[in-house]
Each structure stands twice: as C-alpha cells, then as structure tokens.
Protein chains: 2
Amino acid sequence: MYPASAAHESGQPQRRNLSNDLASAVAAMIHRESLQPGDQLDSVKVLAARFQVAVPTMREALRRLEAMGGVTLRHGSGVYVGENVRRMVLPNPLYPKPTRGMLVELLEARRQIEPPIAALAATVRDPDGMESMIATLSEAERCVSEADEQLWLVNLNFHRTIAVAGGNTVLAEVIDSIVFIHAEEQLEILRLHGDERRDFEEHRHITELIVAGDVQAARSAMEEHLDNVIQIVRERLSG
Amino acid sequence: MYPASAAHESGQPQRRNLSNDLASAVAAMIHRESLQPGDQLDSVKVLAARFQVAVPTMREALRRLEAMGGVTLRHGSGVYVGENVRRMVLPNPLYPKPTRGMLVELLEARRQIEPPIAALAATVRDPDGMESMIATLSEAERCVSEADEQLWLVNLNFHRTIAVAGGNTVLAEVIDSIVFIHAEEQLEILRLHGDERRDFEEHRHITELIVAGDVQAARSAMEEHLDNVIQIVRERLSG
DNA sequence: ATACATATAGTGATCTAATCACTTTATGTT
DNA sequence: AACATAAAGTGATTAGATCACTATATGTAT
C-alpha cells in the first residue's frame, strides 16, 4: 500500500500517508469493479472496516476523492461514485475569479483549441452530437427572443456540445475545464458583447457548417467567432 | 459560509457541508493574502480554531485542498501552500492507466493543441522559454548518447517546456495535464517508436524552428512529429 | 388495495479526546 | 562551532459520542 512516488508527477509529490493511499485504493476498487457514476459504494463504516482503518481516516480519503469528483458522500444516504471518476482533465474548483489578464489567456487558449474541435465535429458528424448542438442552439434562440437571462449558461453549454461532438474525450474535458474556470465571466462577456443576436447568429452559422460537414469553413467560422469575442473583451477591458 | 450552489458547475453540484465550505474559505484566504506555493499556513489546530470548527473537520477540508494540490500537509512540520493553488486545469491523479483507445485519444488531443503552441512559442520567442527548451534538448541528447533510461522523462519535460514557452498559462497547464495522464505510457511509446535518435532529431528540429521564429514551419514540424508518433502507436497497438 | 403519516434503522456529519509519529527548536556538552 | 539530546510543536490516526439526514418499514385511514 505504499507505491513508489511517481517522479513525473505534476506538482510536488504527495507524501505517503494512509488517506492518500486509501483514496488511491478506493479509486482502484471503483475501476476494478467497473462501477459507474451514480453507483453506490459501501458505507463509510463498511469501507473503513474493509480497509482496516478508522472511520475518520476513511473519511479523509473520501474527501480527497470527493474533491476530484470521484465520489459523492450523501448525508444520510451513502457513498456514491462521482461523475468525474473516469475524467482525465479537471478544472480546479477552488480557483479564484480570473483576473482580466487571465480571462484573455483563457479565451486565447480556447481560440487555439476550439477551431480544430469544430473541424473534428464537422468531420465525424456524429448524429447525437449534432442533435445536442441543435437542441442547445434552439434553447439559445428561445433565450434571445424572450430576453431570458439564462442565455449565458446556454451559450456555455453550446461550446461544450461542440467539444463533445468532436468525438475526442480529452478535448471535450479540456474545453469543459476551461469553460468552467471562466464560467461566471461569460455573463460579463455577453454583456460586453452587447449584441446577443449577433453572437447567436455566429453560433448558428458554426452549427450549420458542422452539420453540413464543411470542415474548413467550420474551423474558420469558429476562429472568427472567438476572434470577435477576444477583440471585444480586449477593447472593453482595457478601458 | 453557505454560498449559492453554482448551477454551471462541471459534474454534479457539491452538497453544502462544512468541509467543502472550509476548503473554499481556506483557498480564498490563501488568495486574499497572496500566499505563494511553499508559504506556511497556520497549523491545523490554529486553522480549526480560527474557523471555529473541530480539528478533524478542518482536516477533512484540508484533504480536499490537498487533493487539488492547493495545500500540502507535512507531518510534524505544518500546512503549506501547494504548487497547484493557482492552477486552473488539473490532471486527475487517480485516473487509471489509460486504455489503448484512450491513449490514442490523448495523443490526438495533443495533435490538435501542440502545433498551435509551437507556433505561439515561435511567435513570442521568449528567452527563458527557449533556454529551457534548449537545456531540455541537451539533456535528451545526453540520454540518447548514454542510453540513459530517463530519456522518456526528459522527453515529457521537453513538450512541457514548449508549452510554457508558448506563453499561455492555460495551454501549458492543459498540456501538462494531458502529458501527466499518459506519462507512464510514454516509456512504452518510446519503445514502440524504436528509434530514439530520430525522435530526438524531430525534437531538435522543432526547437530550431521555434528559436528561429519560423512560425509556420514550427507548427508543421510539430504536426509531423505527433503524426509520426500517433501512426506508430496505432500500428503497434493494433496487433 | 392505495395513499398518507409515523416510527425505525441506517448513514453521513461533526465533535471531543487520546495516543502515536515526525519535525523543528532549544538546550547541553565537547 | 559542531554535535547530541531533550523538549515543544505539529501532523496522523484512533476511539467514541452525539446530531442530522435519508431510506425503509410499519401503522392507519380511505
């Protein structure tokens, strides 16, 4: 239960301690038993007994796992496998509100990653993926016409659906992570943009190109869309 | 101390509980006081008293933070700010060994992201960044000529240095995360490659182009390099 | 038989208190 | 000044208790 420290580890190596080893052991158990998100694990007390540790020690381990979204402890109910258990790339949930400079970096990172994703989506043209994009686009259209303030959330999901439609799990997780980190700023970005209809039309244009399988055009349209967003943010945030 | 649940949260929303709120509060304290990685926090006991909770409760919160690399608990010494405290995108440290299919997805994600990074690096030509690349390249050359088995680790770092030289923090974190997830597989990939010298020459070629500021050529060279790697991995892993 | 209310059992959440293990600092000796 | 030892501080883990919430079982009314 004391595996060699991984020298290639990102950040400082974790010192050996029971809670760390237990977190790894519980994660390994989840994977070995092919448990899925939502599946229930044994109770904290039973897990503690199984691994022959005290309950608070197992609790510390589970809190580690919970921080990654690998498990969920539900008060009065039990311990469940979390949605992120098989996720590779995660956003830091405790990252503070991004500075203006970092907001621009986040957008520029998306500027590099999302156009190839749009191209991938136009290449694979996955029916479910395209269906999701179209459904999200309809929801966005409803928000625009009804001046629903939830538009910013829908726009977030729109970018996520494109990433998923690209068919590469890693890229989808990356975009989801980036979008998560500056999610609240999206509301401000939409406000800075000042033209929800134009933003929506750009989203629609991208969707049409992806659905039509026009790979290069989809890529270019996404580039242009994100360039527009970055430009607006740069101008408005430099005042 | 019970902020509204973030509806845009990636994965399932965290239920309110003390340990979760405390983790957030400690993270916010670290950011508010501009503490840096390696800085020491108050002891667990003092933190517990400050936030008026029991020690085990504070410990659970700190384990959450530790899982993200936001703090480090050093036995007998104290609580320190961790290296990931200001990191946005993280690898899941408990992710199991990638399947072959996922390994290919990881490489393909890099295929989309790293060429634009190489182009960025060739654009900004940051002296420190280029110096790191060259130093890592020298180390790789030494490993190749001395048949040092650490070559795979050095190659990992080579890609990281390019990502950092690109000047975009988010992209660097993304690459670091992706590289981390399939780090151990890099050893196998290098073995599958079967030609360390050629791999090294490709790395050197990319470096020269970046240093020379040849943006398009750097991009293309990185594309070609990763295409080669993916092709080899596809062929060898399909048998 | 069905629907609703209440009680019980199970389970997580937090606390108090103790002991052990490690690190850092202080003190003593050469 | 260098080294050794002791003491203090701190994290690590355990044991045990109480409280809060959820799920299940049981009872009552229609």
Side-chain angles (χ1 to χ4, degrees), chain A residues 1-3 5 12-26 29-30 35 37-83 85, chain B residues 1-3 5 12-26 29-30 35 37-83 85:
Chain A
M1 200 185 278
Y2 287 94
S5 169
Q12 54 209 358
Q14 296 274 9
R15 287 172 184 255
R16 295 173 182 170
N17 60 50
L18 254 193
S19 74
N20 194 26
D21 296 333
L22 285 169
S24 299
V26 171
M29 177 190 79
I30 290 171
L35 298 177
D39 288 350
Q40 187 166 16
L41 301 182
D42 287 329
S43 69
V44 176
K45 189 194 296 186
V46 173
L47 285 171
R50 171 190 290 194
F51 290 95
Q52 295 182 344
V53 297
V55 167
T57 307
M58 178 53 74
R59 289 187 60 85
E60 288 188 14
L62 293 174
R63 291 302 189 203
R64 286 182 181 276
L65 275 169
E66 196 174 33
M68 317 298 303
V71 303
T72 301
L73 276 62
R74 288 189 8 218
H75 188 171
S77 178
V79 185
Y80 296 84
V81 178
E83 287 201 358
V85 72
Chain B
M1 198 186 280
Y2 286 94
S5 169
Q12 55 210 355
Q14 296 274 8
R15 287 172 184 256
R16 297 174 183 170
N17 60 52
L18 255 193
S19 74
N20 193 26
D21 296 334
L22 285 169
S24 298
V26 171
M29 178 189 79
I30 289 173
L35 297 177
D39 288 351
Q40 187 168 18
L41 302 182
D42 288 330
S43 68
V44 177
K45 189 194 296 185
V46 173
L47 285 173
R50 172 189 292 194
F51 290 96
Q52 295 182 344
V53 297
V55 167
T57 308
M58 178 53 74
R59 290 186 59 83
E60 286 189 18
L62 293 173
R63 291 301 188 203
R64 286 180 181 275
L65 276 168
E66 195 174 36
M68 317 297 305
V71 302
T72 301
L73 276 61
R74 289 189 8 218
H75 188 170
S77 178
V79 185
Y80 297 83
V81 178
E83 289 200 356
V85 73

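When reading the values below, keep in mind they use all heavy atoms of this one structure, side chains included, and skip hydrogens, waters and symmetry mates. Chain letters run A, B, ... following the sequence lines, proteins first, then strands; residues in each count from 1.
Under the rule for a salt bridge (Lys or Arg N to Asp or Glu O under 4.0 Å), the partners of A/R63 that lie at least two apart in sequence or sit in another chain are A/E66, B/E60. B/A54 is linked by a side-chain contact (heavy atoms from CB on, under 4.5 Å) to B/P56, B/T57, counting only residues two or more places apart in sequence or in another chain.
For the pair B/L41/B/V26, a side-chain contact is recorded, criterion being any heavy-atom separation below 4.5 Å from C-beta on.
Across all strands shown, B/V55 has no heavy atoms under 4.0 Å from either base or sugar-phosphate atoms.
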Collect all protein-nucleotide pairs involving nucleotides 8-12 of chain D in which both atoms are nitrogen or oxygen and the distance is under 3.5 Å.
residue: D/dG9; atom: N2; partner: B/G76; partner atom: O; Å: 2.9
residue: D/dG11; atom: OP1; partner: B/V44; partner atom: N; Å: 3.0
residue: D/dG11; atom: OP2; partner: B/V44; partner atom: N; Å: 3.1
residue: D/dG11; atom: O4'; partner: B/G76; partner atom: N; Å: 3.1
residue: D/dG11; atom: N2; partner: B/H75; partner atom: NE2; Å: 3.3
residue: D/dG11; atom: N3; partner: B/H75; partner atom: NE2; Å: 3.3
residue: D/dA12; atom: OP2; partner: B/R59; partner atom: NH1; Å: 3.1
residue: D/dA12; atom: OP2; partner: B/R59; partner atom: NH2; Å: 2.9
residue: D/dA12; atom: OP2; partner: B/R63; partner atom: NH2; Å: 3.4

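Across all non-hydrogen atoms, the minimal contact from A/M58 to A/L47 is CE-O, 3.6 Å.
As rounded to whole Å, 12 Å separates atom C1' of D/dC21 from atom OH of A/Y80.
Pairs of residues two or more places apart, or lying in two chains, that qualify as salt bridge (Lys or Arg N to Asp or Glu O under 4.0 Å) and include a residue from residues 38-47 of chain B are B/D42-B/R50.
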